[in-house]
Amino acid sequence: MKFSKKLTYWYLQNKRNLPWRETKNPYFIWLSEIMLQQTRVAQGLAYYLKFTEAFPTVFDLAKAHESIVLKMWQGLGYYSRARNLHFSAKHIVNELNGEFPTTFLEIIKLKGIGDYTASAIASICFNEPTAVVDGNVYRVLSRYFGISTPINSTAGIKEFKKIAQSLIDKSQPGMYNQAIMDFGALHCKPQNPLCDSCPFTNSCVAFEKNLVKKLPIKEKKIKIRKRYFNFLVIKTADNKTILSKRKGKGIWQGLYEFPLIESEQIINKNELISTEKFTDLFPNETTILLHNKKEIVHKLSHQHLYTQFWIIETKSLENTTISWENIQDFPVPVLISNFLEEFQSKN
DNA sequence: AAGTCGTGGCG
DNA sequence: TCGCCAAGACT
């Protein structure tokens, strides 16, 4: 039996019922695809429901302020997705008359949409036979065909896209694409794939050659950088604090945080108050208390952040300050959010 | 084109 | 514990 036919048969019996599978509205499909990039369905689902309720149309999303969008995205990670989503929503409303583009070549022009997402939207919403290649597809195809080309090499990306494109069911491309992804997610899993009950065992090269555990092959290992963060959690006499917006290209762009002093190592109170930034911020007398005795290690994909929260009590400040009651309105990274939850439960 | 960008779950 | 990796895209 043909690969796509067998896959479709499996899908119809095993597919997950997910809210974005009840629609072909490109705005909703777009939303779901962006949210699910490098993100598990279990984690993205609640955000999808929240977004579609708050922003039922692209116009609603476009007219929201970026900070509101980021606040709603808080906790989902990879925040450039939210910024690009919002940017493209405004572009669709202002430049495309509110109409979502209808072909792969037009869809992929949108900021934040690459080959995968353009293929997904074009196939699901507009029946265009463009094959998706995500982590699931790499795994299924590398195992089934016994391909050892690294999936994150330039050659591998081209090779797998070509094979995926050759396999797609052109009569139902949207269903086929979702079928191969669901098969990878539920059956041909990274660890402990269900080979015992697999409909493809009689033709799977990896199964035949006992290579299932070795495939797919991914090259390079990421390097993790250690950083040492000191957040200055200010409490003035009139119950205000300072948050600043992260700018530039690094982590958490667009999110807010307490004034940050980064150091080369873990530092103590004396070392903290002798830094230039500290004396700039607090020329006057302050009370300083280290909130967490042991540094909090926050792990990102490429960085480990060794973090200390310093509680600083001072009279009042000339800098722009915000009220502690309003702090929950600001989009913050999980590291800050976790601190706030614990800190405010005690105060 | 190799590095960067979050967070959480799993074995 | 710790490494892997999850509906990738951008620079």
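Since we're looking at a predicted model, the values are computed, not measured. By convention in this document, chain letters (A, B, ...) are assigned in the order of the sequence lines, proteins followed by strands, and residues within each chain are numbered from 1.
- For the pair A:Gln38 and B:dT7, the criterion of a side-chain N or O lying under 4.0 Å from OP1 or OP2 is not met.
- When the options A:Phe51, A:Phe28, A:Tyr48 are evaluated for a ring pair (Phe, Tyr, Trp, His ring centres under 6.0 Å) with A:Trp20, the one that passes is A:Tyr48.
- A:Gly75 comes within 4.0 angstrom of sugar-phosphate atoms only, judged by non-hydrogen atoms across all strands, and of no base.
- Set against B:dC5, C:dT11, C:dA7, the side chain of A:Lys249 has C:dT11 as its closest nucleotide.
- The distance from atom CG of A:Leu36 to atom C1' of C:dC5 is 15 Å, rounded to the nearest whole Å.
- Rounded to a whole angstrom, the distance from the C1' atom of C:dA6 to that of B:dA1 is 23 Å.
- Within 6.0 Å of NZ in A:Lys223 there are 12 or fewer heavy atoms belonging to other residues, nucleotides or ligands.
- Counting non-hydrogen atoms under 4.0 angstrom, A:Lys223 reaches nothing in the nucleic acid.
- Although no hydrogens or angles enter the test, the distance criterion places no donor-acceptor pair under 3.5 Å between the side chain of A:Arg143 and the main chain of A:Ala206.
- Side-chain proximity of A:Ser301 to B:dG6, B:dT4, C:dA7: nearest is B:dG6.
- Taking the P atoms as reference points, B:dG8 lies 22 Å from C:dA9, given to the whole Å.
- Using a cut-off of 4.0 Å between Lys/Arg side-chain N and Asp/Glu carboxylate O, A:Lys109 and A:Glu106 are scored as salt-bridged.
- Among the protein residues, A:Thr117 comes within range of the sugar-phosphate backbone only, with heavy atoms under 4.0 Å from sugar or phosphate atoms but none that close to a base.
- Within the 4.0 angstrom heavy-atom criterion, base atoms lie near A:Leu300.
- In the set C:dC10, C:dG8, B:dG6, C:dG8 carries the atom at the smallest distance from any side-chain atom of A:Gln37.
- Distances from the side chain of A:Val334 to the nucleotides B:dG8, C:dG8, C:dA7 place B:dG8 closest.
- Separating the CG atom of A:Asn338 from the C1' atom of B:dT7 is a distance of 11 Å, rounded to the nearest angstrom.
- Counting any heavy atom pair closer than 4.0 Å across all strands shown, A:Gln253 reaches no nucleic acid atom.
- Looking at which nucleotide of DNA chain B each of A:Asn192 and A:Val332 is closest to, the 5′-most match is held by A:Val332.
- Within 4.0 Å of A:Arg21, counting heavy atoms only, lies at least one base atom of the nucleic acid.
- Both A:Gly112 and A:Gln43 sit near DNA chain C, but only A:Gln43 has its closest nucleotide nearer the 5' end.
- The nearest whole Å value for the distance from the CD1 atom in A:Ile34 to the C1' atom in C:dA6 is 15 Å.
- Between C:dC4 and B:dG3, the distance separating the two P atoms is 16 Å to the nearest Å.
- Within 4.0 Å (heavy atoms only), A:Gly184 reaches no atom of the nucleic acid at all.
- Within 4.0 Å (heavy atoms only), A:Thr39 reaches at least one base atom of the nucleic acid.
- Atom CD in A:Gln191 sits roughly 9 Å away from atom P in B:dG11 (whole-Å rounding).
- Separating the NZ atom of A:Lys218 from the P atom of C:dA6 is a distance of 6 Å, rounded to the nearest angstrom.
- For the pair A:Ile224 CD1 and C:dC5 C1', the interatomic distance rounds to 13 Å; values are reported in whole Å.
- Not a single donor-acceptor contact under 3.5 angstrom links the side-chain atoms of A:Tyr116 to the base of C:dG8.
- Panel note: side chain A:Asn230, backbone A:Ile261; a donor-acceptor pair is recorded below 3.5 Å.
- Looking at heavy-atom distances under 4.0 Å, A:Asp115 makes contact with sugar-phosphate atoms alone, never a base.
- Within the nucleic acid shown, A:Arg16 comes within 4.0 Å of at least one base atom, counting heavy atoms only.
- Atoms CZ and OH, on A:Arg83 and A:Tyr78 in that order, are 13.0 Å from each other to the nearest 0.5 Å.
- Contact annotation: A:Trp73 side-chain N/O to B:dC5 OP1/OP2 distance is not under 4.0 Å.
- Nucleotides B:dA2 and C:dA7 are separated by 24 Å at their C1' atoms, to the nearest Å.
- Within 4.0 Å (heavy atoms only), A:Ala185 reaches sugar-phosphate atoms of the nucleic acid but no base atom.
- Heavy-atom nearest nucleotides on DNA chain B were determined for A:Arg83 and for A:Thr154, and the one closer to the 5' end corresponds to A:Thr154.
- Under the 3.5 Å distance criterion, the side-chain polar atoms of A:Arg246 are left unmatched by any main-chain donor or acceptor of A:Glu257.
- The side chain of A:Arg81 places no N or O atom within less than 4.0 Å of a non-bridging phosphate oxygen (OP1 or OP2) of C:dC10.
- Applying the 4.0 Å criterion to OP1 and OP2 of B:dA2, one finds that A:Lys220 has a side-chain N or O inside that range.
- The nearest whole Å value for the distance from the OH atom in A:Tyr79 to the P atom in B:dT7 is 4 Å.
- Judged purely by atom type and a 3.5 angstrom limit, A:Glu341 has no side-chain atom pairing as donor or acceptor with the backbone of A:Asn338.
- The nearest whole Å value for the distance from the CG atom in A:Leu76 to the P atom in C:dG8 is 13 Å.
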